[in-house]
> 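Once you've had a glance at the structure underneath, I'll fire off some questions.
All chains are named by letter (A, B, ...) in the order of the sequence lines, taking the proteins before the strands, and each is independently numbered beginning at 1. Please read all numbers here as calculations on a predicted model, not as lab measurements.
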Protein chains: 2
Amino acid sequence: MGWSIAEVARTSGVTSRTLRHYDAIGLLPPAWVADNGWRYYEHEQLLRLQQILLLRELGLGLDAVAAILEQQSRHTTVEVLRQHRDWLVAEQERLARLVHTVDRTITDIEKGGEMAPDTMFQGFEHNPYEAEARERWGDDAVDASHERIKALSADDAEKARTGYGRVHDGLAPLLAEGVPASDERVQELVDLHFQVISLFWTPNAEAYRGLGQMYVDDERFRQNIGQGNDALVTYLRDAMAIYADGKL
Amino acid sequence: MGWSIAEVARTSGVTSRTLRHYDAIGLLPPAWVADNGWRYYEHEQLLRLQQILLLRELGLGLDAVAAILEQQSRHTTVEVLRQHRDWLVAEQERLARLVHTVDRTITDIEKGGEMAPDTMFQGFEHNPYEAEARERWGDDAVDASHERIKALSADDAEKARTGYGRVHDGLAPLLAEGVPASDERVQELVDLHFQVISLFWTPNAEAYRGLGQMYVDDERFRQNIGQGNDALVTYLRDAMAIYADGKL
DNA sequence: GGTTGAAATTGACGTTACGTCAAGGTCTAC
DNA sequence: GTAGACCTTGACGTAACGTCAATTTCAACC
């Protein structure tokens, strides 16, 4: 009488390991255990297993499943399901925010891919670091960079239009509010900017300050970063200078 | 020279345990280790830590973070981030489906709360089970059930309008396609129906068959379940009868 | 009665990113 | 010398099993 663990496993689509696990945590003990230790299941256990699987499919944890089956009350069940639903929605929103942030970071990096290396080499071009740059990345890379920076057209600017989004998004309202560049919130954003830059190139204080100045001086950077709002770029430069003085 | 583990922990907002963990998995070894075994970190490690935290905030696993920092290439980084983004979106969609399913199940159960007990008792009312029902749930429950079933108004029907959604959603198109009630897809839906019912009441074959018949005979059930589509209710009854014969 | 193959059992480790003790050494200051 | 802060390694716990590994049992066949 009754079914063995493998038979139950086959007909219900779970592994015998899972059934043993459910036994171990007390969620689904077998109907009876033979003298040799073998587990045997009856119709009642099969039904309970189906209930477990139904609830598990909703994404509930086994503890929540156990709570529902223990109470067998509509009120408790709906209560647990509602909590679970709330959790699902919250998690979904968290993921949505992450997707957004990742998207922003990707465009930031891609924009960095179009501009930052050139920035980097241009920064070296007329200062004592150029020799080091040529040594570190090779003449070809530096020369190619010079080519690319010359070739930067309105097209590229357009392509990069959405870049530096995370920093831009946060900075613009702070500027509008008249928050000083030394403000903590501004410096946090600059820190983010510095970190994204630092994923591939770590400027020292002087280079970072120079990068900010270049954003202002070079029309393409000014346009890309400020999106027509030149004050924003100046603001970023000032904030970067303060950051460089304080943290680098 | 350098900072101790607790100093780094304080300034960067992680615990010393985390730093030890990052050392253990090779993600962030300290700059040097003193003779007494104490870890000391330099500026370079702080920077790397910031990079790690930046990427971790995007929801990346530590292995993905390690991959990015190991390569230090824009291409790899964007590649990893894109994969991660895809995963995030897929997960988000999965959660959205779960939310939907949980919602449906909640309304199913709540509708069950309004109708199934009455169904249950009504099912017993004119058959040999009524005595057992009175013994099992008490006279009060059965009498109250009779009161409630009499009081079922258009209001209640309206309240329950969205119930049995999962079954209804799946069944209607199959009926429209002319799929026979014995079809596997139909029977799967009936199985779902049976399982939701079984969360609180486990009918035997006869009771389940009777429940299906009642859906057809009683106007309120017919209306609630079929939403005006009487053929759907008949279809469900037939499918339930087949299910009862085959599985119960 | 012995052998074989299928099926069963109980461990126990691995997974993710640490949190949380626990036991014991080290440093600094009084 | 000792208190107190700080450091170390070690080990268990988390969720829900997957995946061996070693061993035992059962049913059937020769």
> Can you tell me if the side-chain N/O atoms of B:S4 get under 4.0 Å from OP1 or OP2 in D:dC7?
yes
> Looking at A:E184, I want to see if its CD is surrounded by more than 12 non-hydrogen atoms of other residues, nucleotides or ligands under 6.0 Å.
no
> Please tell me which of B:E7 and A:R56 maps to the more 5' nucleotide of DNA chain D, matching each residue to the nucleotide holding its nearest heavy atom.
B:E7
> Whether the side chain of A:H84 engages the backbone of A:L58 through a donor-acceptor N/O pair (distance < 3.5 Å, no angle test) should be reported.
yes
> C:dA8 P sits how many Å from A:W32 CH2, rounded?
13 Å
> Please tell me which of the listed nucleotides, D:dC26, D:dC6, D:dA16, lies nearest to the side chain of A:L62?
D:dA16
> Under a 4.0 Å N-O cut-off, is there an ion pair linking B:R94 with B:E91?
yes
> Measure CD/A:E57 against P/D:dA16 and give the value in whole Å, please.
15 Å
> Which part of the nucleic acid does B:I25 contact within heavy-atom distance under 4.0 Å: base, sugar-phosphate only, or nothing?
nothing
> Where each residue is assigned the nucleotide of DNA chain C containing its nearest heavy atom, which of B:T18 and A:S16 is assigned the position nearer the 5′ end?
A:S16
> Taking atom P of D:dC6 as reference, at what distance in whole Å does atom CH2 of B:W3 sit?
18 Å
> Can any side-chain N or O of B:Q45 pair as donor or acceptor with the backbone N or O of B:E42 at less than 3.5 Å?
yes
> Examine D:dC17: is either OP1 or OP2 under 4.0 Å from a nitrogen or oxygen in the side chain of A:R20? Give yes or no.
no
> For C:dG25, does OP1 or OP2 lie under 4.0 Å from any side-chain N or O of B:N36?
no
> Rounded to whole angstrom units, what separation is found between the CG atom of A:D23 and the P atom of D:dA16?
16 Å
> Is the phosphate of D:dC17, meaning OP1 or OP2, less than 4.0 Å from a side-chain N or O of A:Y22?
yes
> When the distance from NE2 of A:H21 to P of D:dT14 is rounded to whole Å, what number comes out?
11 Å
> Which whole-number value in Å describes the distance from A:R10 CZ to C:dA8 C1'?
13 Å
> Measure CD1/B:I5 against C1'/D:dA5 and give the value in whole Å, please.
15 Å
> Take atom CH2 of B:W87 and atom P of C:dT16, then tell me their distance rounded to the nearest Å.
12 Å
> If you measure from CG on A:L60 to CD on A:Q83, what distance do you get to the nearest 0.5 Å?
10.5 Å
> May I ask you to verify if any side-chain N or O of A:Y40 is less than 4.0 angstrom from the OP1 or OP2 atom of C:dA8?
no
> Is the base of D:dT19 touched by the side chain of A:R17 through a donor-acceptor pair closer than 3.5 angstrom?
yes
